[in-house]
Amino acid sequence: MHLALLAALERQVFDFLGYQWAPILANFFHIIIVILGLFGTIQYRPRYIVLYTLWTAVWVTWNVFVICFYLEVGGLSKESELLTFNISHHQSWWSEHGPGCQRKEESLAAIKGVDAQSYISIVNCVVEYQYIEVLHSAFQILIALVGFVYACYVISAITEEEDSFDFIGGFDPFPMYHVNEKHNNLLFKQTYLPA
């Protein structure tokens, strides 16, 4: 789970750099749930670990969506502003800062109606940004699946430990301190003393 936390923090940083608000929000919830899962593991709180296992299903679904988004599966377009909630025109940070990418700016001031803006094109990228995002999401899915298996193991270990816990003489068929349950008739006889 520590690796999941580190990977989520790394992803959060790059999503903040790209101003992608939907992934930032999803990463924020993921970081909180992973911390709760770690707390549950350390403190033997199976409810927190169950919450983490349920969240992994949501997290895997989110990452499958991100993969489909960047690969433009099912009518999705990586050029849309869906991940920024239509607030800004930003894209993935990797679109301009990927490995080997070079920015080329071309002035559009010569075109009428455009106020001295420039067109930025990105060339010579070793790996295109959408594949970096897909790799990030695939790595998150892999970590989530490993975390799910580990969380299920921890839950079973904790519940097994709770089931085997024995109070002093609580579950033993023959407790160490045996109390005779037969009533002694002498205790119920009333003795009359002569007056």
Side-chain angles (χ1 to χ4, degrees), residues 1-101 103 122 125-161:
M1 284 189 193
H2 295 344
L3 182 61
L5 185 59
L6 290 175
L9 288 170
E10 178 266 339
R11 187 171 180 180
Q12 183 76 318
V13 167
F14 287 110
D15 287 339
F16 259 118
L17 291 172
Y19 298 102
Q20 296 197 322
W21 303 112
I24 288 169
L25 191 61
N27 292 331
F28 176 75
F29 285 124
H30 182 63
I31 289 168
I32 298 243
I33 299 295
V34 169
I35 290 171
L36 284 175
L38 286 170
F39 176 77
T41 302
I42 293 168
Q43 295 292 319
Y44 298 105
R45 309 281 178 145
R47 289 183 181 157
Y48 293 131
I49 304 170
V50 168
L51 176 68
Y52 173 78
T53 58
L54 295 174
W55 174 256
T56 56
V58 174
W59 187 243
V60 167
T61 304
W62 167 255
N63 282 290
V64 168
F65 167 75
V66 170
I67 289 172
C68 292
F69 179 81
Y70 281 108
L71 294 178
E72 297 182 335
V73 175
L76 294 170
S77 173
K78 65 182 179 257
E79 303 301 323
S80 74
E81 297 172 7
L82 185 63
L83 295 182
T84 60
F85 293 137
N86 294 326
I87 296 173
S88 63
H89 297 289
H90 293 277
Q91 290 185 346
S92 170
W93 182 82
W94 296 103
S95 65
E96 295 182 14
H97 302 93
C101 291
R103 292 173 50 134
I122 310 299
C125 291
V126 175
V127 180
E128 292 185 35
Y129 76 95
Q130 65 264 23
Y131 299 120
I132 294 173
E133 291 288 352
V134 166
L135 288 174
H136 261 113
S137 291
F139 185 65
Q140 291 290 329
I141 290 171
L142 178 67
I143 291 174
L145 294 177
V146 170
F148 178 81
V149 171
Y150 178 71
C152 289
Y153 169 74
V154 170
I155 289 170
S156 69
I158 289 173
T159 54
E160 184 177 299
E161 185 178 304

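Values below: every heavy atom of this structure, side chains too, minus hydrogens, waters and symmetry copies. Small disclaimer: the values here were computed from a predicted structure and weren't measured. Positions are given from 1, in the same order as the sequence printed here.
- For the residue pair Gly40 and Ile158, the shortest heavy atom distance occurs at O-CD1, 4.5 Å.
- Here the NE2 atom belonging to His30 is positioned 8.0 Å from the CG atom belonging to Leu5, to the nearest 0.5 angstrom.
- Of the possible donor and acceptor atoms, none in the side chain of Ser137 sits under 3.5 Å from a partner among the backbone N and O of Val134.
- Of the inter-residue distances, the one linking Leu54 atom CG with Trp59 atom CH2 reads 16.0 Å to the nearest 0.5 angstrom.
- Ring geometry, His97 versus Trp93: the interplanar angle falls under 30°, so the pair is classed parallel (tilted spans 30 to 60°).
- Ring centroid separation for the pair Tyr52 and Trp55 does not come in under the 6.0 Å cut-off.
- Put simply, CG on Leu36 and CZ on Arg47 are 14.0 Å apart, with the number rounded to the nearest 0.5 Å.
- Closest of all the heavy-atom pairs between Thr56 and Ala144 is CG2-O, 3.9 Å.
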Exercise for review: Report the C-alpha distance between Tyr131 and Leu71 in whole Å, list the side-chain angles of each, state the deciding distance to 0.1 Å, and finish with yes or no for side-chain contact (heavy atoms from CB on, under 4.5 Å).
Suggested key: CA-CA 8 Å; Tyr131 299 120; Leu71 294 178; 3.9 Å; yes
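- A heavy-atom distance below 4.5 Å is found between the side chains of Trp62 and Pro23.
- Judged as a side chain to side chain donor-acceptor pair (under 3.5 Å), the pairs with a partner in residues 65-77 (not counting sequence neighbours) are, in order, Gln20-Tyr70.
- A distance of 10.5 Å separates CG in Leu17 from CD in Gln12, rounded to the nearest 0.5 Å.
- Atom CZ of Phe39 has more than 12 heavy atoms from other residues, nucleotides or ligands within 6.0 Å.
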**Study point:** side-chain contact (heavy atoms from CB on, under 4.5 Å) between Ile141 and Ile67, worked out
**Key:** CA-CA 10 Å; Ile141 290 171; Ile67 289 172; 3.9 Å; yes
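- Of the inter-residue distances, the one linking Phe139 atom CZ with Asn63 atom CG reads 11.5 Å to the nearest 0.5 angstrom.
- Annotation: the span from Thr159 atom OG1 to Ile49 atom CD1 amounts to 9.5 Å, rounded to 0.5 Å.
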Practice item. Could you give me the CA-CA distance, side-chain angles and deciding distance for Trp94 and Val127, then say whether side-chain contact (heavy atoms from CB on, under 4.5 Å) is met? Key: CA-CA 10 Å; Trp94 296 103; Val127 180; over 6 Å; no
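- Residues Phe148 and Val60 have side chains not in contact (no heavy-atom distance under 4.5 Å, counting atoms from C-beta outward).
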Point to revise | Verdict with supporting geometry, Phe29 and Leu25, side-chain contact (heavy atoms from CB on, under 4.5 Å) | key: CA-CA 6 Å; Phe29 285 124; Leu25 191 61; 3.9 Å; yes
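- Side-chain contact annotation: His136 with Glu10, donor-acceptor N/O pair under 3.5 Å present.
- For the pair Gly98 and Ile132, the tightest heavy-atom approach, listed with the atom from each and the gap, is CA-CD1, 4.4 Å.
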